[in-house]
Amino acid sequence: MPIKVMPDALASRVAAGEVVERPASVVKELIDNSLDAGASRIDVELEHGGRNLIRVIDDGHGIQADELALAFERFATSKVDESSDLVAIPTLGFRGEALPSIAAVSDITAVSRHVEAQDGAECNVAFGSTPQVIAAGAPTGTSVSVRQLFRNVPARLKFLSSPTAESARVSTLVGQMSLIRSDVKFRLTVDGVVRLNTPGDFDHAAALASVYRVRDISTLINLTPDRDAAFNVSGAIALPSSHFGRRSHITIAVNGRLVHSYRLGYAVERGFQGYLPDRRFPMAVINVIVPLDDVDVNVHPQKTEVRFRREGLAFSVIENTVRSVLASHAPVRQFSEERVASSLTTSLEGAFARRRSLDVMPQIDESEEGSAGDSVGGDSGQPAESRSGDAEAPPRRTTERKAGSQRTSNNTASAGHREVLPQLRVLGQAQQTYIVAEDPSGVFLIDQHAAHERIKFEEIRAKQSAKSSESQLLLDPRVVELSPQRQVVFSEGSQWFKDAGWDIEPFGGNSLMIRAVPQVLAAKAAIDANGAEKALLHILDDISLPDSQSGLPDQMPWSERLLATMACHAAVRAGDTLTIESCEEIVRLLQDCEHPQACPHGRPTMLLLTGEALEREFGRR
Ligand code: ADP
Ligand code: MG
């Protein structure tokens, strides 16, 4: 056929396909419009999975009667004009495409009354016909009804799922939007039954409770945005006692726009790391608030993806916010107020320092207390900063350093000086997460995962540098197909994998064959081909993401990253029940570590409740 310009009707049906894929995409566009109109309540009605009817009613500012027909024209919008540079777009919509796209593939009626108008108007467009406007009585706001969706696009109709499945998609979507916009009251009615009704009281935790039917609202924690920061986070998370087999309970928004971002979702998971069992996912709604000109929202037809100027910053602000909320809600932190918390930190440092000086000068005793800083500095004669090039301890990322009092300092020891733990007597395990131990100075709570991670990290590293990494052959080698992203990661680091004890061969195309796994991974539980595959994929994913996101690629070299993720994989988890013997074993091995007080990611391995702090809390002094 010769080249011909498409007739308008055909062109608009083709264009509609970009925006309107299924009932849920219609609902999304209509809700976006309602939100842009400043609605405080939005009612969504659905019949027969959206094939018969999709209706969205809002109490927003409405549309002037004389503009109603225009709203259905392509590229007609009230949200941007020639003066807009498309760099900083504050509204959800801006393309002027949604209404005409929906109108091209359905019978659509909008009834609206503008806040400043006496009367309303009604406009109907059927499958791209010319808009017909008549006067109509209506409350302030807009109601859009979409009928017979895709009747003129059989291909689309054929690809729709069952009404139940399409309704489910819509419910998920409306749920997510109501989580993000906890200030708006959403109601969803499916075939006459109210499925969702959110309070719209500005409380993200309350929204989570109503969307996911959480009974105990005290397990849901609102995130408090730090208004002074350039990037900050609002939303809510569920404490790690709730977890799920899929990522479906993680909702991410950027400036109130629902986005699909695997990376930012992963930042949430990182924040929960160490708190959840293996391969379990948290419940969270996260709205990252960034300067408008920091994101490009014009990269996806359905606007569900955005591009960041500083994605690493978004990533770390999410991770750190989640982590610090979790840290402040952990049992011990709750007990310890700021005052106690800071005395905990300093006394832990004191305990290390005291012990170190005891090693040097065994005859000196209690008198060293309180002069920790001096004795450390005096011992080594080197500033703590000189550690930064030290390959022995992965430097903590700057973003984590800021957390200040939340965290035990990693810098207690100065260059080249080995940190020595006090001799601890293990009392048992608490919360299936912490080892409880004591020495004369007080009670120690040791995070079993963080501690074991540190142990495994140093063990793997020692073996690797001695070129004695042990491997365990798999009974049946496993062929694994890698996604392009994982291939890239693997090919970058294949030598490191080898050094760490993996035996992996190319197996044609995108596939690899795993013949053997490092002994450390096999030691935790007998590892089979499935386990090996899972471990490899997990490690590849874990290594790759932070690299591009943290913006600090050379701070943690590839080799260290592999070690850290392998250590994480090999370590016991929070939630694993440990016998007293394994607790003692962990403490003993931790005592042999070079840097026992932080895990490879820089989180503390232990907290000390000093005898004095306890006495003070109990009013004994
Ligand atoms: P866009 O949202 O990109 O501007 P749409 O096709 O979705 O394009 O809508 C076109 C215009 O119609 C909007 O710019 C807005 O002025 C108006 N409009 C649509 N829906 C509503 C609504 N629910 N309330 C108020 N105005 C609306
Ligand atoms: Mg719109």
Side-chain angles (χ1 to χ4, degrees), residues 11-13 15-21 23-45 54-84 86 88-106 108-117 119-125 128 131 133 136 138-146 149 173-174 177 180-181 184-187 255-259 292 296-304 306:
S12 48
R13 248 188 295 159
E18 292 252 286
V19 183
V20 187
E21 209 182 342
S25 33
V26 173
V27 172
K28 159 123 194 323
E29 292 296 338
L30 296 180
I31 293 179
D32 276 357
N33 282 346
S34 299
L35 292 171
D36 281 345
S40 65
R41 57 174 310 153
I42 298 178
D43 280 6
V44 180
E45 289 168 31
I54 297 167
R55 178 180 289 141
V56 174
I57 306 169
D58 68 56
D59 63 353
H61 59 55
I63 309 174
Q64 296 280 14
D66 58 356
E67 293 186 352
L68 199 51
L70 202 54
F72 287 89
E73 225 153 278
R74 272 199 94 190
F75 309 126
T77 178
S78 56
K79 299 170 194 174
V80 297
D81 61 17
E82 306 83 7
S83 68
S84 314
L86 297 184
I89 297 173
T91 50
L92 298 171
F94 51 86
R95 292 212 175 105
E97 270 186 326
L99 290 183
S101 297
I102 300 166
V105 295
S106 72
I108 180 172
T109 302
V111 182
S112 190
R113 177 153 74 88
H114 193 261
V115 259
E116 286 152 12
D119 302 301
E122 178 179 319
C123 178
N124 174 262
V125 183
V133 181
T140 304
T142 305
S143 153
V144 179
S145 308
V146 175
L149 181 66
L173 173 85
V174 178
M177 299 195 82
I180 296 164
R181 293 298 300 266
V184 175
K185 214 171 149 38
F186 280 85
R187 190 174 67 180
N255 291 341
R257 178 188 304 279
L258 177 66
V259 293
L292 287 178
D296 183 357
V297 294
N298 196 11
V299 294
H300 187 270
Q302 293 167 12
K303 298 160 288 174
T304 52
V306 296

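Residues take their numbers from the sequence shown, with the count starting at 1. In listed order, ligands and their atoms are each counted from 1.
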Just need the protein heavy atom nearest to atom 6 (O) of ligand 1, so name the residue and atom and give the distance. Leu99 N, 2.9 Å

What protein heavy atom sits nearest atom 8 (O) of ligand 1, and how far off is it?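 Nearest neighbour among protein heavy atoms for atom 8 (O) of ligand 1, to 0.1 Å: Gly96 CA, 3.1 Å.
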
Who are the side chain to side chain contact (heavy atoms under 4.5 Å, CB included) partners of Glu122, not counting sequence neighbours? Thr109, Val111, Ile134, Ala136

Does ligand 1 have any atom that is closer than 4.0 Å to a heavy atom of Gly62? yes

Please determine whether any non-hydrogen atom of Arg95 lies less than 4.0 Å from an atom of ligand 1. yes

Output for pair (Leu86 CG, Asp296 CG), nearest 0.5 Å, gives 8.5 Å

Rounded distance [0.5 Å steps], CZ in Arg187 versus CG in Asp43: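 Between atom CZ of Arg187 and atom CG of Asp43 there are 4.0 Å.
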
Should one rank Pro100, Ser143, Ser78, Gly141 by closest heavy-atom distance to atom 15 (C) of ligand 1, which comes out on top? Ser78

Which of the listed options, Ala110, Ala76, Ser112, holds the heavy atom that is closest to atom 11 (C) of ligand 1?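 Going through Ala110, Ala76, Ser112 one by one, Ala76 has the nearest heavy atom to atom 11 (C) of ligand 1.
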
Under 2.8 Å from the Mg ion (ligand 2), how many protein N/O/S atoms do you get? Just the number, please. 1

Between Glu29 and ligand 1, which residue portion shows a heavy-atom distance shorter than 4.0 Å: side chain, backbone, both, or neither? neither

Counting only heavy atoms closer than 4.0 Å, does ligand 1 sit against the backbone of Asp58, its side chain, both, or neither? side chain

Which donor-acceptor pairs under 3.5 Å do side chains of residues 60-76 form with protein atoms, sequence neighbours excluded?
unit_1 : atom_1 : unit_2 : atom_2 : d
Gln64  : NE2    : His114 : ND1    : 3.3
Arg74  : NH2    : Glu97  : OE2    : 3.1

Salt bridge (charged side-chain N to carboxylate O under 4.0 Å, His left out) against Arg113, all qualifying residues, sequence neighbours excluded: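 Not a single residue meets the salt bridge (charged side-chain N to carboxylate O under 4.0 Å, His left out) criterion with Arg113.
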
